[in-house]
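Structure first, commentary second.
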Amino acid sequence: MTVNWVEIQDKWQKKWADAKLGVATVSDKSKFFMIFAYPGPSGYPHVGHMRGYSYTDMITRYERMQGKEVLFPLGMHASGNLASGFANKIKNKDEQWITYLRTNGCPEETIPTLITPEAVIEYFNEVYVEDYFKKFGFLCDWDRYTCTTWKDYEKFIQWQFLKLQQKDLLVQKPYFATACVVHGPVAVDPSETDISKGGKAEKQEYTLLKFKFGHDYLVAATLRPETIYGQTNLWVNPLVKYVKVEVEGQNWIMSEQAAEKLKYQKDDVILKEGINVKDLIGKTAIAPGIDKEIPIFPASFVDADMGSGIVTCVPSDAPYDYIALKTLEENQTLQSQYGLNVNVKLIPIIESKGYGEFPAQEIVQKMNITSLEDPKLKDATAEIYKVGHHSGIMRANCGIYAGKRVEEAKELVKQDLIKKHKADVFYDLSEEVMCRCGEPVVIKRIDDQWFIKYSNQELTDKTKEHVASMNIYPKEYKENLPGILDWFQDRACVRLGNWQGSKLPFDDKWIVEPIADSTLYPVFYIISKFTKNGTLKVNDLTEEFFDYVFLGEGKGKKAWKPIKEEFDYFYPLDINLGGKEHKTVHFPVFLMNHVGILRKEDWPQGIFINNWVTGKGSKISKSKGGAEPIPQAMEKYGVDAMRLYYAHIGSPHADVVWDEPVVLNYKNQLEKIYGLVEKLNESNGEAKLIDQWLISRMYKHLQQINDSMKEYSLRELASIVYFTIHEDLRWYVRRGGVNKEVIHEVVSMWLRLMNPITPHLSEELNPSKDLISSSSWPQVNESKINPNAEAGEELIKTAMDGMRNVMKLAKLEKPSTFTLFVSDGWRYTLFGILAEKINETRNVGDIMKTVLAHESLKEHGKDVSRIVQSILKDVSRLPYVVTSREEELAVVKEAQNFLSQEFDCIVKISEDLNHEKAKSATPGKVGILVE
RNA sequence: GUGGACGUGCCGGAGCGGUCAAACGGGCUGGGCUUAGGACCCAGUGGCUUAGUGCCUACGCAGGUUCAAACCCUGCCGUCCACACCA
């Protein structure tokens, strides 16, 4: 059978739109407001993105069916430089990107127009909504769609920053930013949106040690200031060009490259002259902190691009230093070339776990490293650094730091040296980074950088307290959040340069940085409706207006009343859903801005974290595949199959792998269901015993679903609806169920349960005119839950198994006659004394307590455990409620009918309780005799 | 480094102290249907078995708590993720 999914999708999406199902208005119902972290215009959404988005639609559909007034709005986070990055690639006719646009269905004539950020944003505003969200069946309130680069949004952000300032949550202080030498600040991260190279680079804080050298200073950059006590000499590289520069009135000597970088971090770095390396080697300098004169030696491993191009040598704890020293000691030619007499004694300074006095020496010997070229040196350094940092204790010769942990001493030594002007701070990148424009990226000091004061103790405490009352899924994240909030420090919130975004209201050279302008925005969906429909003009969005609507301050104009009413109705936000990448930045700032600015009753109520869809064996990415374009995927699998895949393949809070055959399986499953429902609809027959079973099962499933949906366990919902119920219905059909009324009742329930995950299928299979998407969730009817009916089916299944087994053993192809011996099991009463307890509770622990407490069982002594186990097994098999033997036999009669058909043979029932087969049968089951 | 998560059958993944040789899918094997393939339907899929759903061995490794542990505790090994102008 083939189902035309595309046609079905289009048909129902149109009907939903016509019925305006997504439109949210103030009503007397209770409300449900949910969003997902809006996307940015970085490209087309891929199968990974659609996962979390789909969850939002599933949850809001579920809540809508619970009778809530649902607000599910959407927007585009276009701030930052994603759009300009995108536009630049098209402008530069980047083949890869143009192909990417084509494969994703961008019309040929549109491609050349996407050369400005504005055009890119506009294009994606359209594409996201029309080709992705609507096509995925999302029931959003499109009247509220917003984009962060629109004028009305800017007004809102400016208000937000005014409030932050008024609440003293903004501060200006120096900042060391990663910046392109031409374009200003850029983001250095693995996604490489701003840069063309070096995404993995880290900003490292070096301590710049100043070695007195005559009237000048040699400056050596180190990541381990605490090791100054072990310094034996300085390293310079004879092949590196060194220069003398004037910095803050002093002369510093460093590599030319370092001086270049330092210009961005210090004022007035004036180049004075080049230095001849030969004038350095063999001389001495005064080491800071220990005030000791140490020699300057040559070493080839010193890199002009790293740090200052001068390295202080600590051979006891730095493998490179140790090997370099060894090499030099053994190289008499080199020594005499520079007139050196190298005879260095190692100084033990750190007590590292598992190592002796000289960890560097030890590890180098252990790893058999003899040359500076050995790549293992890197690992050795990392290992020593790790052990030293982690477990190290400063030894007795380390002055006032003796006995302190390395971790602690590091910071103290640094601070102390800086205070005494014997050191400075220098930032550098751990590897080379290039801007998209081809210029190098450096670390640049910005003096008047604005920060949001997330370190504010009151704000942090209030937020932590609020988190405790929130609904957060998964719960592990709820436990982590307080820690994250404590750790969260002040964060730069504006940037200089040509970015998309809102201007800072009181200092308009700054553009609000994209993370800072996406923190409080759920409130804006209240406003966007009115700016879009013309009720509000951009100029109406004054501080007074926002204060009135969002904070309830002031009297407000009459025209603002309905807007405030909407805000008061829909706020607070019930759930904000976002990927796990948002855990440490987006969600904390989202919370803190709400807490910092809004009234307590408007603080968010919930967070839902969804994990990723990964490619097979690797992260999903545009180049590596796995990023199957959605339009093609929708056609190939159908939207419902994809939604079901998302819901069922794994917990929302675990990563899953995008695996085509698996998605096809889900499509297949849906088609099986489609076929089954069609077949069921043709049924028109008698009521049978099995009807009660089916109805009972359905209500039990519903109960279970309702239970798990309290936590939005979409996987559980999917599992029951698409697999367990499907299986039940197949059994129903197999057992000859044909009751039209029952089928109608069950299918109608089933379709409604399907709506959150596969809305199109549910509508398509619905015979009635009313939309399932606007119907209500089925109600549990406990009186229809019938344990006896279920027990009966259990018996039939067991008898079937038994018969099959017996046939196999007797090697019978087709026996003529079976006799079923009904054991006395239904009234079987484990040890007599337990009967009451078992009837009272099915809880094994409770039964257990009775067993253990009972005198007469003590005789079983040491073997209690075993007895307990056997009792428990029997408990589990006792089919629910003890009834009369007549009822028992009625069920067996049912089995008799069914089994004789199934096996095409004669099935008899014997009531002979003394027959050996009846006696040997497990309680609650049947003994079987075959002839 | 800091913080977090995870490790179950041929595979994906349930189970979160007793109804567990382990749901549900997939794969594989056998049977049915069919001209054939696909789809669909049925059965089987740790080992041994005196056949009684009985015994044994299993849920990364090693211990511990308990009448009872895949599930709780401790240590170890391994995998993955987030860490601040990327949203």
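No experiment lies behind these values; they were computed from the predicted model shown. Chain A is the first sequence line, chain B the second, and so forth, proteins listed ahead of strands; every chain is numbered from 1.
If you check B:rG25 for Watson-Crick or wobble pairing at under 3.5 angstrom, you find it paired to B:rC11. Nucleotide B:rC72 forms a Watson-Crick or G-U wobble pair with B:rG64, both donor-acceptor distances falling under 3.5 Å. Pairing of B:rU49, defined by two Watson-Crick or G-U wobble distances under 3.5 Å, is not identified with any nucleotide. Across the strands present, B:rC20 finds no partner; the criterion is a Watson-Crick or G-U wobble pair with both atom distances under 3.5 angstrom. If you check B:rC80 for Watson-Crick or wobble pairing at under 3.5 angstrom, you find it paired to B:rG4.
Taking the charged nitrogens against the carboxylate oxygens, A:Glu205 and A:Lys414 do have a contact shorter than 4.0 Å, which makes a salt bridge. Taking the charged nitrogens against the carboxylate oxygens, A:Asp490 and A:Lys453 have no contact shorter than 4.0 Å, which rules out a salt bridge. Using a cut-off of 4.0 Å between Lys/Arg side-chain N and Asp/Glu carboxylate O, A:Arg735 and A:Glu793 are scored as salt-bridged. A salt bridge does not link A:Asp447 with A:Lys173: every distance from a Lys NZ or Arg NE/NH1/NH2 to an Asp or Glu carboxylate oxygen is 4.0 Å or more.
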Review point. Quick one: what's the B/S/- string for nucleotides 23-31 of chain B, heavy-atom cutoff under 4.0 Å, read 5' to 3'?
Key: -SSS-----
Practice item. Given side-chain contact (heavy atoms from CB on, under 4.5 Å), test A:His653 with A:Tyr473 step by step and report yes or no. Key: CA-CA 8 Å; A:His653 316 300; A:Tyr473 317 94; 3.9 Å; yes
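Residue A:Lys583 is out of contact with every strand shown, counting any heavy-atom pair closer than 4.0 Å. As judged by a 4.0 angstrom heavy-atom cut-off over every strand, A:Trp499 is placed among residues making no nucleic acid contact.
At least one side-chain nitrogen or oxygen of A:Arg734 sits closer than 4.0 Å to the OP1 or OP2 atom of B:rA43. Residue A:Tyr175 places at least one side-chain N or O under 4.0 Å from the OP1 or OP2 atom of B:rC85.
Taking the ring centre of A:Phe488 as origin, the terminal cationic atom of A:Lys464 falls outside the region bounded by 6.0 Å and 45° from the ring axis. Cation-pi check for A:Lys503 over A:Trp510 is not met; the charged atom does not lie both under 6.0 angstrom from the ring centroid and within 45 degrees of its normal.
Rounded to whole Å, atom C1' of B:rA87 lies 14 Å from atom CD1 of A:Ile35. Straight-line distance from the CD atom of A:Gln704 to the P atom of B:rA14: 15 Å, rounded to whole Å. A:Leu717 has its CG atom 16 Å from the C1' atom of B:rA14, to the nearest Å.
Between the base of B:rC85 and the side chain of A:Gln449 there is a donor-acceptor pair shorter than 3.5 Å.
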